[in-house]
Amino acid sequence: MASYTITYFGVRGRCGAMRIMLADQGQEWKEIVVNFDEWMKGDLKARCVFGQLPIFEDGDLTLNQSNAILRYLGCKHGAYGKDVREAALIDMMNDGVDDLRLKYLKMIYQEYETGKAAYIKDLPNSLDKFEAFMAKNKSGFLVGDKISYADYNLFDLLLNQLELCPTCLDIFPTLKGFVKKMSARPKIKTFINSDAHKKLQINGNGKQ
Ligand code: GTB
């Protein structure tokens, strides 16, 4: 019986990383898919703390904000570092992932036709920071010797970048190895090859 519920639009979007994390952690969850026309009626929006989806429920705990949800799951499932110092570094890297995600989302939703080429041209200037940081950590994860919620978030974002530009990791051996290693984790492999994942578009406007 699933104790978690994700309420979101029928896309990967802001829930891609949390779904991959839940799958990898062997957790079950229920999905409530919100139709955009239904959303526009406003009742559900009014019940969201910031007027936006996703909503994540764990029993009587209700959360909004995808990064808060990832941190909560990281904390609950041992994917938030071994101490407060690692946790701080994990938060730092996750903030870096979110900065790149926001750039990506701006391009996808606001300037796909005019900004895609420039975004791809500039992408190495964002990816090189993750490459350099991860290369210093011999475990193959961002921080410490265990997977963290920021690794799941980075992995999800890198999968999206690879859809946009299949060669974008060719000059980043550490990140390329990271994607290969994450994709091969048995539960992640099963999840990303499942219909539940494959049938979902990455973004709400169908652009990728
Ligand atoms: N900081 C928040 C977080 O990380 O959770 C940002 C959440 C957010 O941007 N939510 C968007 C939303 O609720 C959905 S993700 N938008 C509706 C609104 O603001 O009224 C982007 C998105 C937009 C549309 C679709 N779609 O139509 O299927 C899917 C995803």
Side-chain angles (χ1 to χ4, degrees), residues 4-25 27 29-77 79-80 87 90-116 119 126 130 142 148-164 191-192 194-208:
Y4 297 139
T5 303
I6 292 173
T7 303
Y8 194 50
F9 302 109
V11 300
R12 296 182 202 166
R14 284 267 176 195
C15 288
M18 74 183 74
R19 291 180 181 123
I20 290 169
M21 180 169 175
L22 287 168
D24 193 47
Q25 296 291 331
Q27 299 301 305
W29 71 96
K30 183 177 149 195
E31 296 271 356
I32 297 177
V33 180
V34 177
N35 170 294
F36 202 72
D37 293 338
E38 191 59 35
W39 174 254
M40 289 308 283
K41 291 182 187 161
D43 301 354
L44 182 57
K45 188 176 178 73
R47 286 195 278 124
C48 295
V49 179
F50 295 99
Q52 290 192 309
L53 295 176
I55 300 169
F56 182 87
E57 290 163 279
D58 179 6
D60 62 0
L61 174 69
T62 301
L63 293 172
N64 290 117
Q65 291 292 357
S66 58
N67 288 293
I69 297 162
L70 287 174
R71 270 192 296 280
Y72 172 70
L73 290 173
C75 206
K76 220 179 143 178
H77 295 288
Y80 201 171
I90 289 165
D91 287 344
M92 176 182 84
M93 293 316 291
N94 194 63
D95 283 357
V97 174
D98 201 59
D99 285 348
L100 177 55
R101 190 182 290 279
L102 287 170
K103 267 193 219 173
Y104 166 76
L105 292 174
K106 181 166 183 267
M107 180 278 293
I108 289 285
Y109 283 104
Q110 294 172 27
E111 50 199 38
Y112 189 81
E113 276 74 25
T114 55
K116 180 180 166 183
Y119 177 88
S126 296
F130 296 100
L142 282 168
S148 74
Y149 81 86
D151 289 304
Y152 295 112
N153 204 13
L154 177 61
F155 174 59
D156 173 69
L157 187 61
L158 290 178
L159 291 181
N160 297 350
Q161 305 313 295
L162 285 165
E163 288 292 339
L164 185 72
F191 177 69
I192 61 180
S194 69
D195 286 346
H197 174 77
K198 286 199 291 190
K199 75 175 186 209
L200 296 181
Q201 292 186 332
I202 296 175
N203 300 299
N205 61 0
K207 306 259 165 51
Q208 62 177 48

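The structure presented is a predicted model; accordingly, all values stated were derived computationally and were not measured. For ligands, and for the atoms within them, numbers begin at 1 and follow the listed sequence. We use all heavy atoms of the structure for the numbers below, so side chains are in, but hydrogens, waters and symmetry mates are not.
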(message) According to ring pair (Phe, Tyr, Trp, His ring centres under 6.0 Å), who are the partners of Y152, at least two apart in sequence or on a separate chain?
(response) none
(message) With no hydrogens and no angle check, just 3.5 Å: does a side-chain donor-acceptor pair link Y72 and D58?
(response) yes
(request) Could you check atom 5 (O) of ligand 1 against the protein and tell me its nearest heavy-atom contact, residue, atom and distance included? (result) S66 N, 2.9 Å
(message) Starting from atom 7 (C) of ligand 1, what is the nearest protein heavy atom, named by residue and atom, and what distance separates them?
(response) L53 O, 3.3 Å
(message) So, taking the atom named OG in S148 and the one named CE in M21, what distance separates them when rounded to the nearest 0.5 Å?
(response) 8.0 Å
(message) Does only the side chain of F50 get under 4.0 Å from ligand 1, or the backbone, or both, or neither? Count heavy atoms.
(response) neither
(message) Just to confirm my output: which protein heavy-atom neighbour is closest to atom 15 (S) of ligand 1, and how far is it?
(response) Y8 OH, 3.1 Å
(message) Within the structure, is a non-hydrogen atom of P54 found at a distance of less than 4.0 Å from ligand 1?
(response) yes
(message) What protein heavy atom lies closest to atom 28 (O) of ligand 1? Include the residue and the distance to one decimal.
(response) F9 CB, 3.5 Å
(message) Tell me the protein heavy atom at minimum distance from atom 26 (N) of ligand 1, and give that distance in Å.
(response) G204 CA, 3.7 Å
(request) Starting from atom 1 (N) of ligand 1, find the nearest protein heavy-atom neighbour and note its residue, name and distance. (result) Q65 OE1, 2.7 Å
(message) Can you report which non-hydrogen protein atom sits closest to atom 6 (C) of ligand 1, along with the distance?
(response) Q52 OE1, 3.4 Å
(message) Closer than 4.0 angstrom, basic N to acidic O: yes or no for E113 and K207?
(response) yes
(message) Tell me the contacting part of R14 for ligand 1: side chain, backbone, both, or neither, using a 4.0 Å heavy-atom threshold, strictly below.
(response) side chain
(request) Between F36, W39, F56, Y109, flag the one that comes closest to atom 17 (C) of ligand 1 by a heavy atom. (result) W39
(message) Can you confirm whether the side chains of N153 and R101 place a donor and an acceptor under 3.5 Å from each other?
(response) yes
(message) Under the rule for ring pair (Phe, Tyr, Trp, His ring centres under 6.0 Å), what residues qualify as partners of Y119, not counting sequence neighbours?
(response) none
(message) Salt bridge or not between D156 and R14? Use side-chain N to carboxylate O under 4.0 Å.
(response) no
(message) Tell me the protein heavy atom at minimum distance from atom 20 (O) of ligand 1, and give that distance in Å.
(response) K45 NZ, 2.7 Å
(request) Give me the ring orientation class for W39 and F9: parallel if the planes are under 30° apart, tilted from 30 to 60°, perpendicular past 60°. (result) perpendicular
